[in-house]
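Count residues from 1 along the sequence. Counting starts at 1 for both ligands and their atoms, following the listed order. This one's a predicted model, so the numbers in the text were calculated from it and none came from an experiment.
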Amino acid sequence: MNVAMRIDIITVIPQLIEGFLNESIIGRAQKRELAEIHLHNLRDYAVRKDRRIDDYPFGGFAGMVMQCEPIDRCISALTAQRHYDEIIFTTPDGQQFDQPMANELSLCENIIILCGHYKGIDYRIREHLITKEVSIGDYVLTGGELAAAVMTDAIVRVIPGVIGDEQSALSDSFQDNLLAAPVYTRPADYRGWKVPEILLSGHEAKIKEWEIQQSLERTQRLRPDLLEKGKR
Ligand code: SAM
């Protein structure tokens with residue numbers, strides 16, 4: 001029996017991603033019990049009566065920092081119930097998220113994704129509890145929620161069975177370090193803009209050959225760095 005992959009997301013603003021997680025492919029994956037996604041409001045683990053989880057940074061720096069204790073309490077409550085393969089912190093100085101990482105994480109049974117806010121989290125949490133630090137790009141977001149949503153989407157869609165036609169996820173860009181070939185749908189002629197003849201030929205082998213050649217040509221032109229990566 002297939003056990004659903006479980007993703008626990010810890011955030012101070014769960015409502016930022018609640019709707020997103022219940023829609024489209026991620027929503028359906030959960031209904032079909034292929035993935036389980038749980039949102040945890042960090043304020044439920046606050047030690048202060050006003051439910052605040054941040055404080056001023058030592059050293060007099062600007063901004064606020066998320067405190068150790070609420071994060072530790074939340075992570076400890078989760079790890080007391082099950083083993084987690086990774087405890088991930090979303091952070092701009094982390095390892096760059098990409099398709100190979102999404103594929104790898106989709107093989108995990110349970111992962112935690114911790115979203116930072118303000119100036120970030122007390123560094124001791126990163127040193128002692130976090131097993132992987134991940135960035136979704138070289139820019140700074142207000143919080144880790146969008147990063148967690150991006151990662152969850154990319155991970156869940158490659159879980160076997162989530163996308164009806166599995167080939168469809170495997171032929172997306174970045175699988176095999178290649179960009180995807182262009183796609184077309186009806187009508188075959190729109191305002192004189194024609195679909196490549198070969199796609200209407202019904203000749204499976206030639207269509208496959210065209211797809212590979214298009215994929216290589218687009219990668220060479222738009223992302224030659226991916227081809228270099230593939231050689232390594
Ligand atoms: N002071 C931090 C720095 O310079 O690295 C940035 C803090 S940012 C305003 C608040 C939170 O948003 C971060 O702790 C992180 O969780 C999240 N975040 C921001 N940019 C991100 C990115 N590119 N990838 C992943 N998470 C990001």
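A salt bridge links Glu217 with Arg221: at least one charged nitrogen is closer than 4.0 Å to a carboxylate oxygen. Using a cut-off of 4.0 Å between Lys/Arg side-chain N and Asp/Glu carboxylate O, Asp93 and Arg126 are scored as salt-bridged. Comment: Arg51 engages Asp44 in a salt bridge, judged by a side-chain N to carboxylate O separation of less than 4.0 angstrom. Taking a cutoff of 4.0 Å between a charged side-chain nitrogen and a carboxylate oxygen, Lys206 and Glu209 do not qualify as a salt bridge.
Nearest heavy-atom pair across Arg124 and Cys68 is NE-SG, 3.9 Å. Scanning both residues, Ala181 and Gln214, for their nearest heavy atoms gives CB-CB, 3.9 Å.
Protein residues with a heavy atom closer than 4.0 Å to ligand 1 are Phe89, Thr90, Thr91, Pro92, Gly116, His117, Tyr118, Lys119, Gly120, Val134, Ser135, Ile136, Gly137, Tyr139, Val140, Leu141, Thr142, Gly143, Gly144, Ala147, listed by chain and number.
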